[in-house]
Amino acid sequence: MLDLTRIPEAVRSEGGVSRRLFLAYGTALAALSSLAERVAAADKKVTFAADPFSLGIASGDPDATGVVLWTKLAPKPLDPDGGMKPDPVPVAWEVAEDDAMKKVVARGTAGATPQLGHTVHVEVTGLKPDRWYFYRFTAGDAQSPVGRTRTLPAADAAPDKLKFAFASCQHYEQGLYTAYEQMAKDDLDLVFHLGDYIYEYAPADKRVRKHTGPARNKITTLADYRERYAQYRADPLLHGMHAKCPWFVTWDDHEFDNNYAGGVQEIQPKGVAKADPVEFLERRAAAYQAYYEMMPLRKRSLPTGPDMLLYRKAAFGRLAEFFVLDTRQYRTPQPNGDGIKPLVGEAIKPTNSLLGRRQRGWLDAGLITSAGTWNILAQQVMMGMVDYTAAGRNGFSMDQWPGAAHERMALVRFLADRKVPNPVVLTGDIHSNWVNDLRVDDRKADAPVVATEFVGTSIFSGGNGVDQPKGLDDLLAANPCVRFHNRERGYVRCTVTPENRTSDYVVCEDVTKSGGKVLTRGSFVVEAGRPGAKKA
Ligand SMILES: [Fe+2]
């Protein structure tokens, strides 16, 4: 019998898609390498029909001496070419110590090429550690607003505080970015976005807002994905938050296709054929390229065909090490037919993985060499082994870590055996808030707690939710690992010190109207050296 899970690997190395994609991406990479000459020859007096910085500016992936600065030239953001001619355009950038841009400490010129949708990714180097900076871009006769960014503390520094937020899941049609309006006032050092930055679905009626793009189908082409990101990013509340501080981003499934696993499409309804595996990988290449283009990522993340390196780590001095994971690209298909299923059979196969062997090895090596007081995994799907039987469903989520139960338990055992200091897991994906104590096997409530998981709700995917979902008491009674659960919308604001870390669950009472009231629904603290969350 044909094993679909094996096909993507095969086509990647056998020609077909690989050859076509190689040629396509070869062109983009060649353009990058010869950019300097081409940009120098370009018309420096370029003019624009409208503001080319309509999608804002952003920064991301900071280290102790640098950061990535991002923009995209798009005078007409929803046009297929963003309103740009198919020529490279030089974009000048400046970094200053002051918001008036008087004390400039670094400047240069980057190229915005049509191959990468006229996006700009500048990797600034030579900055001082643990400093705030300001930046802006100039292209032709247009100048961007000034953004604020920062470097991380030096590797051997001992910072006394870090303040960051994490967010996920922002289905444009289902709400407004009110949460980011509040986040912009929080005076954060960093933001982590844990995925579902866009949704690939066709436009639907009777929603808060409406997607552009193909009328009845999911988006599939590079032009589609570019347009979708442009629609989301054009919102000033979203790009306004990007301009406030650097972001570390990672994706989940909807940046490409719901519940995909590596190169395998989700299980289709009866009578619907699965996508051709080659075409599916071509779509993945388009989705990944659009993601790279639109995010403040380093060049190491530039996609190669349908592959893109997104997992990486960052150290905030010796206070915290962050491991930003990718649990989509390398995973094995969801066992037991996906959905909520008992933790038996396929679900406990030792070969199931969300990380893939190489990422897992990288993570293990990073965890045992970490100098961080706190070791924080920024990732997508819930690690807490929550049994939904008490909530009227039959078992555990096969799309989340219980679907790779062996790998999940081995990872938590590794954290315990190697005495990784203060492990914390940050999660998105399920549009609800959870605080979970993590044990090697969460079904064994008497076992010692090893780590603590904070699951953040959606920015607004799913529309307005509720504080106390039906059956909450039964769910909590059946799952002692769960310390808090709530289904409102918002984000999680975290304060980390050498002594403890606090998570504030910030919720927005109405995401369908602008100016929705924002409040903190609950705060939970973990003390250093004592895994497990307590109400603050
Ligand atoms: Fe989502």
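Note that ligands are numbered from 1 as they come in the structure, with each ligand's atoms numbered from 1 the same way. Numbers here simply count residues along the sequence, with the first being 1. Side chains are part of it too, since the values below use all heavy atoms of this structure and drop only hydrogens, waters and symmetry mates.
- Between Asp235 and Arg209 there is a salt bridge, since a side-chain N of the basic residue sits under 4.0 Å from a carboxylate O of the acidic one.
- Ring orientation note: the planes of Trp247 and Tyr197 are nearly perpendicular, at an angle over 60° on the 30°/60° scale.
- Note on Asp253: not counted as a metal contact of the Fe ion (ligand 1), no N/O/S atom lying under 2.8 Å.
- Aromatic pair Phe256/Phe280: centroids less than 6.0 angstrom apart.
- The Fe ion (ligand 1) lies at 2.8 Å or more from every N, O or S atom belonging to His171.
- Phe460 has its ring centre no less than 6.0 Å from the ring centre of Tyr172.
- Between the OH atom of Tyr199 and the NE2 atom of His431, the angle taken at the Fe ion (ligand 1) works out to 90° after rounding to 10°.
- In this structure, OD2 of Asp196 and SG of Cys169 enclose an angle of 90° at the Fe ion (ligand 1), rounded to 10°.
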